[in-house]
Amino acid sequence: MENRDIARMFERVADLLEIQGANPFRIRAYRTASLTIEGIATPLASLIGQDDGKALQKLPGIGKDLAGKIVTIVRTGSLPLLAELSRHTPESLVTLLQIPGLGPKRAKLVHEALGVETIDQLQAAAAAGRLGRIRGFGKATEQSILRAIEQSRLKQVRLRLTEAEAIVRPLVESLRRVPGVERLEIAGSFRRRLETVGDIDILVSASDPAPVVDTFTRHPSVVTVQASGDTKCSVVLRRSLQVDLRIVPADSFGAALQYFTGSQAHGVAVRTIAVKRGLKLNEYGVFRGDERIAGREEEDVYRAVDLPWIPPELRENRGEVEASAAGRLPRLVEVADIRGDLQMHTTSSDGRHTLEQMAVTAETRGYDYIGITDHTQSLRIAGGMSADGFRRQFHAIEALQKRLETLTILKSAEVDILEDGSLDLDEATLAELDVVVIAVHSRFQLPKEAQTRRIVRAMQHPAANILAHPTGRRLNRREPYPVEMREIIAAARDSGVLLEMNATPERLDLNDAHAAMAREAGVKLVISTDAHRMHELDWMRHGVDQARRAWCEPQHIANTRPLAEFRKLLRKR
DNA sequence: GCCGTTTTCGGCCCGACTGTTTTCAGTCG
């Protein structure tokens with residue numbers, strides 16, 4: 001039973017309670033607890049000792065009752081309350097809540113009035129005109145629910161950050177050019193640099209809102225307009241990406257930015273502090289009575305509640321508010337701290353650009369060192385090289401090195417981890433490499449124990465230096481292979497192998513939670529782009545984003561070190 | 001259901017838009 005499973009059960013309880021019209025604060029308690037649990041890297045099961053979950057009560061939003069329920073879930077795998085609730089409300093009703101515009105009250109209403117339990121039944125009822133006859137519903141509501149159902153059937157999963165960025169860019173550029181637009185920021189999970197985003201929140205301050213709304217709702221990239229008011233509009237772009245626009249006065253821009261950047265849990269935590277200080281915090285500012293005491297800049301808003309400004313990447317209510325209050329926020333790693341890139345490919349295997357092209361691009365970026373990590377022979381589909389191929393590459397590197405001014409090229413390879421955990425390169429060639437990167441590229445479906453054993457064994461090879469993309473996931477394409485991350489991290493700590501944070505936008509592997517676990521265990525991380533083209537060296541910032549979400553400082557990231565120090569972080573062999 | 005340098009009871013973050021209604025409930029973020 002993983003934390004995510006427990007969090008989902010609480011979320012389900014909250015949904016069912018909401019449909020049943022329970023006390024809203026009780027519902028919120030379950031939702032808050034669910035968010036808390038989701039954000040904790042340590043498995044809750046490991047926090048339960050002999051004390052029946054007393055340790056759990058130290059977590060924010062977890063009291064005696066919920067601690068007890070967590071213990072029950074961990075011990076039995078189920079929650080009696082859930083079964084009890086679903087006796088009164090079919091669990092399938094919860095799926096209706098996924099339809100935008102249909103909340104718990106209406107879900108309950110359509111169930112009671114028409115016996116509707118599923119989205120299919122809801123669609124049929126709406127199409128037949130039965131929905132509009134329910135008291136409180138009307139033709140317009142019926143039509144909008146019908147549209148929402150059709151939309152939701154098209155809707156994919158959350159888009160990767162870079163996909164959403166590309167889709168929304170033309171719209172954002174048009175908005176910036178509207179006369180009277182003073183400031184514009186994308187807030188929400190985009191600003192917090194989550195790996196995927198559900199929608200985009202654009203915040204604008206403008207002397208005259210009307211032309212901003214006009215440009216927004218009439219932009220050629222807009223597929224449908226969902227809502228359009230004086231200060232708030234909502235549209236849908238391709239791939240069902242919803243974009244919300246808020247227009248606020250310049251005096252409120254900072255407060256609005258704080259408000260709409262979220263996360264919700266972070267916002268609640270900060271507003272609760274404001275309330276305790278006798279202040280009110282909303283998207284228009286910080287107020288003492290009717291007097292606005294802050295609002296123009298985000299820094300002012302935090303200062304008004306006695307907190308140093310908190311970087312957006314930390315705003316998940318995972319302890320950042322407490323850290324800020326105590327003056328102990330981390331100095332997060334930045335792209336400018338990165339001195340080298342330890343994974344990239346060339347035309348020698350599956351890269352699209354030559355060794356020289358990659359090296360020159362890296363030198364232009366100001367890096368001190370790079371590792372060239374072409375694939376080894378078992379990865380035929382990626383043009384993996386034999387030992388002879390690597391020898392030829394070594395000569396090419398030595399020749400090129402003489403012509404470079406500041407960049408050092410490290411001889412490296414992305415050595416395939418074979419099914420039994422051995423490495424796909426002979427010992428002599430391994431010994432000639434400056435850095436040995438190891439990675440799994442096959443047999444993803446091995447059982448968790450076998451997969452973990454395989455990787456740990458490879459890490460124990462004395463030549464291994466860096467474990468690349470440790471879970472093998474590709475966002476929205478391939479689930480991570482089953483692997484016990486705690487054992488991988490323990491093996492890294494024991495062996496001195498560095499763990500990679502792969503910065504490829506569809507990988508981001510390790511993710512933020514795993515990276516935080518590694519950091520807490522004292523394991524050093526490496527952020528690498530895994531570039532296959534020159535411009536993909538720019539992906540470094542996506543890896544840095546995730547490292548920042550994991551509270552990483554430069555000291556936690558090995559490739560922030562100058563080359564000599566970086567070499568010292570590599571294990572002796 | 002959680003929480004506590006005003007409290008172990010009585011609070012709990014806040015506002016915009018839509019549709020249906022006639023003063024507001026529902027939903028969303």
Side-chain angles (χ1 to χ4, degrees), chain A residues 10 13-14 17-19 21-36 56-70 81 96-110 131-145 147-148 187-190 192 197-203 209 213 217 225-235 242-248 252 255-256 258-287 301 305 317 321:
Chain A
F10 281 175
V13 168
L17 285 173
E18 198 159 24
I19 292 169
N23 176 354
F25 299 110
R26 185 179 172 214
I27 296 165
R28 184 196 295 170
Y30 278 98
R31 290 208 197 285
T32 308
S34 174
L35 277 172
T36 302
L56 294 173
Q57 294 184 43
K58 291 204 171 63
L59 299 170
I62 309 283
K64 195 172 174 200
D65 182 272
L66 290 181
K69 289 196 166 76
I70 292 169
L81 173 64
L96 296 188
L97 301 182
Q98 294 165 11
I99 306 298
L102 194 76
K105 296 290 194 318
R106 286 172 172 168
K108 187 182 187 194
L109 216 50
V110 297
L131 220 52
R133 292 202 288 272
I134 303 175
R135 182 169 168 75
F137 284 63
K139 268 280 161 251
T141 304
E142 184 172 79
Q143 285 309 304
S144 81
I145 286 177
R147 273 198 310 274
S189 49
F190 183 95
R192 302 201 311 279
V197 296
D199 59 21
I200 295 283
D201 305 289
I202 302 177
L203 199 62
V213 170
T217 54
V225 178
Q226 293 204 313
S228 179
D230 296 337
T231 64
K232 181 179 171 179
C233 315
S234 184
V235 300
Q242 182 174 327
V243 184
D244 299 328
L245 171 72
R246 294 291 297 242
I247 304 164
V248 298
S252 298
Q258 196 280 330
Y259 190 93
F260 289 109
T261 295
S263 66
Q264 198 176 2
H266 173 85
V268 169
V270 175
R271 287 192 288 282
T272 303
I273 289 180
V275 169
K276 282 182 186 159
R277 284 167 170 56
L279 305 170
K280 186 176 74 166
L281 170 57
N282 59 27
E283 62 259 57
Y284 297 110
V286 184
F287 297 88
V301 171
V305 295
N317 199 27
V321 175

Asker: With no angle test and no hydrogens, is the base of B:dG1 tied to the side chain of A:Asn23 by a donor-acceptor pair under 3.5 Å?
Answerer: yes
Asker: Which nucleotide in the list B:dC14, B:dT27, B:dG1 gets nearest to the side chain of A:Tyr259?
Answerer: B:dC14
Asker: For A:Arg277 and B:dC13, what is the distance between atoms CZ and P respectively, to the nearest whole Å?
Answerer: 16 Å
Asker: Just checking, A:Arg106 and A:Phe137: is the charged tip under 6.0 Å from the six-membered ring centre and within 45° of the axis?
Answerer: yes
Asker: Can you tell me how far C1' in B:dC9 sits from the matching atom in B:dA16, rounded to whole Å?
Answerer: 33 Å
Asker: Among B:dC17, B:dG19, B:dG1, which is the nearest nucleotide to the side chain of A:Leu66?
Answerer: B:dG1
Asker: Using a cut-off of 4.0 Å on non-hydrogen atoms, how would the nucleic acid contact of A:Gly136 be classed: base, sugar-phosphate, or nothing?
Answerer: sugar-phosphate
Asker: Judged by each residue's nearest nucleotide on DNA chain B, which is more toward the 5′ side, A:Ser228 or A:Lys105?
Answerer: A:Ser228
Asker: What nucleic acid atoms does A:Thr231 come within less than 4.0 Å of, heavy atoms only: base, sugar-phosphate, or nothing?
Answerer: sugar-phosphate
Asker: Any base atoms under 4.0 Å from A:Glu283, or only sugar-phosphate, or nothing? Heavy atoms, all strands.
Answerer: sugar-phosphate
Asker: Are A:Asp230 and A:Val213 close enough, and set up right, to give a side-chain contact (heavy atoms from CB on, under 4.5 Å), and what steps lead you there?
Answerer: CA-CA 7 Å; A:Asp230 296 337; A:Val213 170; over 6 Å; no
Asker: Nearest to the side chain of A:Asn282, heavy atoms from C-beta on, is which of B:dC13, B:dT21, B:dG15?
Answerer: B:dG15
Asker: Want to settle it: does A:Thr141 or A:Ile27 sit nearer the 5' end of DNA chain B, counting the closest nucleotide to each?
Answerer: A:Ile27
Asker: Is there a Watson-Crick or G-U wobble partner for B:dT27 with both distances under 3.5 Å, and which nucleotide is it?
Answerer: B:dA16
Asker: What closest approach, in Å, do A:Ile99 and A:Ile145 show between heavy atoms, and which atom pair accounts for it?
Answerer: CG2-O, 4.4 Å
Asker: Hey, does A:Pro100 reach any base, or is it just sugar-phosphate, or nothing, if we go heavy atoms under 4.0 Å?
Answerer: sugar-phosphate
Asker: Which listed nucleotide (B:dG1, B:dG29, B:dT27) is nearest to the side chain of A:Arg106?
Answerer: B:dT27
